[in-house]
Amino acid sequence: MREQLLITASSILLPPNPSPNPLNPKSYALKRFTLLPKKPCPPPPSPGPPLLSDVSRHPPPDLRLGYYADLASKLASAGRIDDFLMIAESFLATETDPSRFIDFVNVELVSAGISRFLGDGKLRTVVEALGKIEEMGIRPSSLLDGSAKQSLASECRKLVDGGRIEEFVELMESLAGYGFSVKEFVEPFAILKICVKKRDPHMAVRYASIFPHAPILFCSIIQEFGKKQDLVSALIVFEASKWKSDGPNMYVCRSIIDTCGLCGDFLRSRCIFEELLAQNITPNIYVFNSLMNVNGHDLSYTLHVYNHMQTLGVAADVASYNILLKACCLAGRVDLAQDIYKEVQHVASTGALKMDIITYSTTIKVFADAKMWQMALKVKDDMLCAGVNPNIVTWSSLISAFANAGLVEQAVNVFEEMLLAGCEPNTQCCNILLYACVVACQYDRAFRFFRSWVKSGFPNTRGCGGNIYAQLSAKNTGNSGATCVSHHIIDPHQVSFSKVVPFRPTVATYNILMKACGTDFWRAKALMDEMRMLGLYPNHRSWSILIDVCGKAHNVQGAMQAFQNMRNAGITPDVIAYTTAIKACVENKSLKMAFLLFEEMKRYLIQPNLVTYNTLLRARSRYGSLQEVRQCLAIYQDMRKAGYSSNDYFLKELLEEWCEGVIKNSELGPVQMTYPSCSSGKPKTDKPQSLLLEKIAVLLQKDFVKGSSVDLRGLSKVEARIVVLAVLRMIKETYNQGKPIEDDLIIFTGVGTGSGCSESEVQGALIKVLLR
DNA sequence: TTAGGGTTAG
């Protein structure tokens, strides 16, 4: 066979017509004519089929094509791909329709040859040959049968296994262009994951672009980068995706917005949204929902987006409302959440949407957080009426409604009701119940629950008809009036249990238990050790709680040691750990240490927050020296600079006490301070930005020097009096330190805006003070 | 293709 195929190029290029050929053209011609049902011969010019002898003498084009194709096929099967290509090329130079060549080629033979090449590891040669075939206008993929395609795919996979992703992608680009279905070679998602793992967004885009459903793949890549917190790469994919299509794809936009949220860059999500609007593109509901969701912590922005959506005529769906409810929940806006809940109930009544379990659960959480457990129960009834069964999240929110209100018994009842309803508890849910015990200071009860759960787990009611709600809901179906299921009617005897669901505590569980240690430092420490034994690592919260336990036990040393151990354990103290440590110091009169911690956190660029400032400002219930006043005023000013508003009333009271000290001229006894709540007890002179405090802060921060002046403009007579007293006390303190002051003090008394006093009134008040 | 629950400082 092989000898028969030894044909020189020149002999191949000689036209076969009309000379005989070495491969028995007669039998070949007969074979080809009978084997070509798809390409019927041109209709015979005369009635009756042509005679075989006529065909041999004047072979029609198909016959010549068949001859060459068959010859080429046999050469290919013998591993002579170059010869195959040469024949194909020489013939096709005269053929007007190259694609017809395929119809005559013996794909089985060609495939056998190609498989042999692939088996010898000559992948490149095969791909180059396929490239040449493509250049001739022949679709390369149609030359390979299933088996050859599998061999090709297997060779390509070897590149992936060898980590040669770039070569693989390049190959896939070529093969896709040659008509191969490359997604069958290797699962596309697997390749994309490798690109993401290598942090190569460009390669991922290049590979995804091969496929007609590229936008979906772009979404996957963006999401995968998001999971790795790699927003930069995700944005590269997003930008590249824009160039691959006519305009931004809504799927891709939604993905990048979600990813911005996942990576904590919500401002970027807003920019992407603005870009869409700038291009006059109306985002779809998914884009709007994702944008609102990512910015859910900023209620005003979320509402702005919601309004914008309505302006553009994009109808809100149930997810939109759920997100709005979540935003209200985060902002603690029960009032607004109630309005939205009513609105969504109304829309649902028109049939435009159906409230789902998330709508109900989120609303229950809003009420739970606000300790409005009655309202939470009302929503639970609403959901049962609507035929929606509570799930573990709903039950958890209900339990937390009672937990936050300090109602342990009710929390336990709901927990048991949940078990009876056939809902399997998870650790988060159990943690809420433990937390309920802690809020109500039932510490022993928390430990009893914990030990019993660890020992026995929970009964599994799945698959044994335990879900009472499902049963009742099914019974209610078809009733004309709504039959609501109250939370009291469960009969425990209806339910049978089987098997056991184990309880697996988490770090959060132990943290709650540590809180349940009250002031027992050693117990809390033992729990930390127990955590480690279970392979759980104490986190920021664990350490902060331990510090707090020490603080409450009046053990400042222990608190400082715990603070240090936190660092030693590799956990950098955050603002909460610092604030807790500061609190431990403040409550135990270690003020110097408290202020040192404050200085330290600022040195480490940990921004104090409102709680930190308030903890520090309340460190003193009276001020002793000028230095102490200065320290507090500095914190006050720092706080204002950071954008926090302070409890001016409290600070003012302390300052006034201090200032009055100059008149009383005696050591002040302990001052009994009352802490006014936000809603009551505010003096009339209180202004949003206290001019008085600002003036005193500025005055007291610098030493009294020649030419010092006091500007009382804008202050009431009471305030002006305090300022003057402050200056006098400062002078007194300075004098007591042995520094006599002989310079004059200039006082400006012009009445500014908003003081409500005349200049003479202020002056009168001052003279009274100064003459004392 | 979205969206929901737990523990820390006041």
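Residue numbering restarts at 1 for every chain, and letters A, B, ... go by the order of the sequence lines.
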Between the side-chain atoms of [X] and the base atoms of [N], is any donor-acceptor pair under 3.5 Å?
X	N	value
S396(A)	dG5(B)	yes
R254(A)	dT2(B)	no
N614(A)	dA9(B)	no

Does a donor on one side chain sit under 3.5 Å from an acceptor on the other, for [X] and [Y]?
X	Y	result
N289(A)	S320(A)	yes
N295(A)	S269(A)	yes
Y443(A)	D520(A)	no
T506(A)	T427(A)	no
N413(A)	E417(A)	no
N511(A)	N539(A)	yes

What residues from [range] pass a heavy-atom cutoff of under 4.0 Å to DNA chain B?
range	value
residues 285-300 of chain A	Y286(A), N289(A), N293(A)
residues 312-333 of chain A	D317(A), A319(A), N322(A), K326(A)
residues 522-539 of chain A	none
residues 561-584 of chain A	I576(A), T579(A), T580(A), K583(A)

Which whole-number value in Å describes the distance from [X] [atom1] to [N] [atom2]?
X	N	atom1	atom2	result
N426(A)	dG4(B)	CG	P	16 Å
H213(A)	dT1(B)	NE2	C1'	14 Å
M418(A)	dG5(B)	CE	C1'	12 Å
Y306(A)	dT2(B)	OH	C1'	17 Å
R504(A)	dT7(B)	CZ	P	23 Å
K552(A)	dT8(B)	NZ	C1'	10 Å
L262(A)	dT1(B)	CG	C1'	15 Å
D369(A)	dG5(B)	CG	P	9 Å

What contact category does [X] fall into here, base, sugar-phosphate, or nothing, at under 4.0 angstrom with non-hydrogen atoms?
X	result
L434(A)	nothing
I392(A)	base
D258(A)	nothing

Plane angle bin for [Y] and [X] - parallel if under 30°, tilted between 30 and 60°, otherwise perpendicular:
X	Y	result
H304(A)	Y301(A)	tilted
F503(A)	F450(A)	perpendicular
F288(A)	H308(A)	tilted

Fill in: Pairs touching residues 516-552 of chain A that satisfy ring pair (Phe, Tyr, Trp, His ring centres under 6.0 Å), sequence neighbours left out
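Residue pairs passing ring pair (Phe, Tyr, Trp, His ring centres under 6.0 Å), neighbours aside: none found.
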
Worksheet item: For residues 544-587 of chain A, which residue pairs qualify under ring pair (Phe, Tyr, Trp, His ring centres under 6.0 Å), counting only residues two or more places apart or in two chains?
Response: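 The answer is F563(A)-Y578(A).
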
Worksheet item: In terms of side-chain geometry, is the basic nitrogen of R541(A) or D574(A) positioned less than 4.0 Å from the acidic oxygen of its partner?
Response: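 No, R541(A) and D574(A) are not salt-bridged.
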
Worksheet item: Of the nucleotides dG4(B), dA3(B), dA9(B), which one has an atom closest to the side chain of D356(A)?
Response: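 So the nucleotide nearest the side chain must be dA3(B).
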
Fill in: Least distance between heavy atoms, D258(A) atom then S290(A) atom
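Here D258(A) and S290(A) meet closest at OD1-OG, 2.8 Å.
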
Item to complete: Tell me whether the centres of the aromatic rings in W373(A) and F367(A) are closer together than 6.0 Å.
Response: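 No, they do not, as the ring centres are separated by 6.0 Å or more.
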
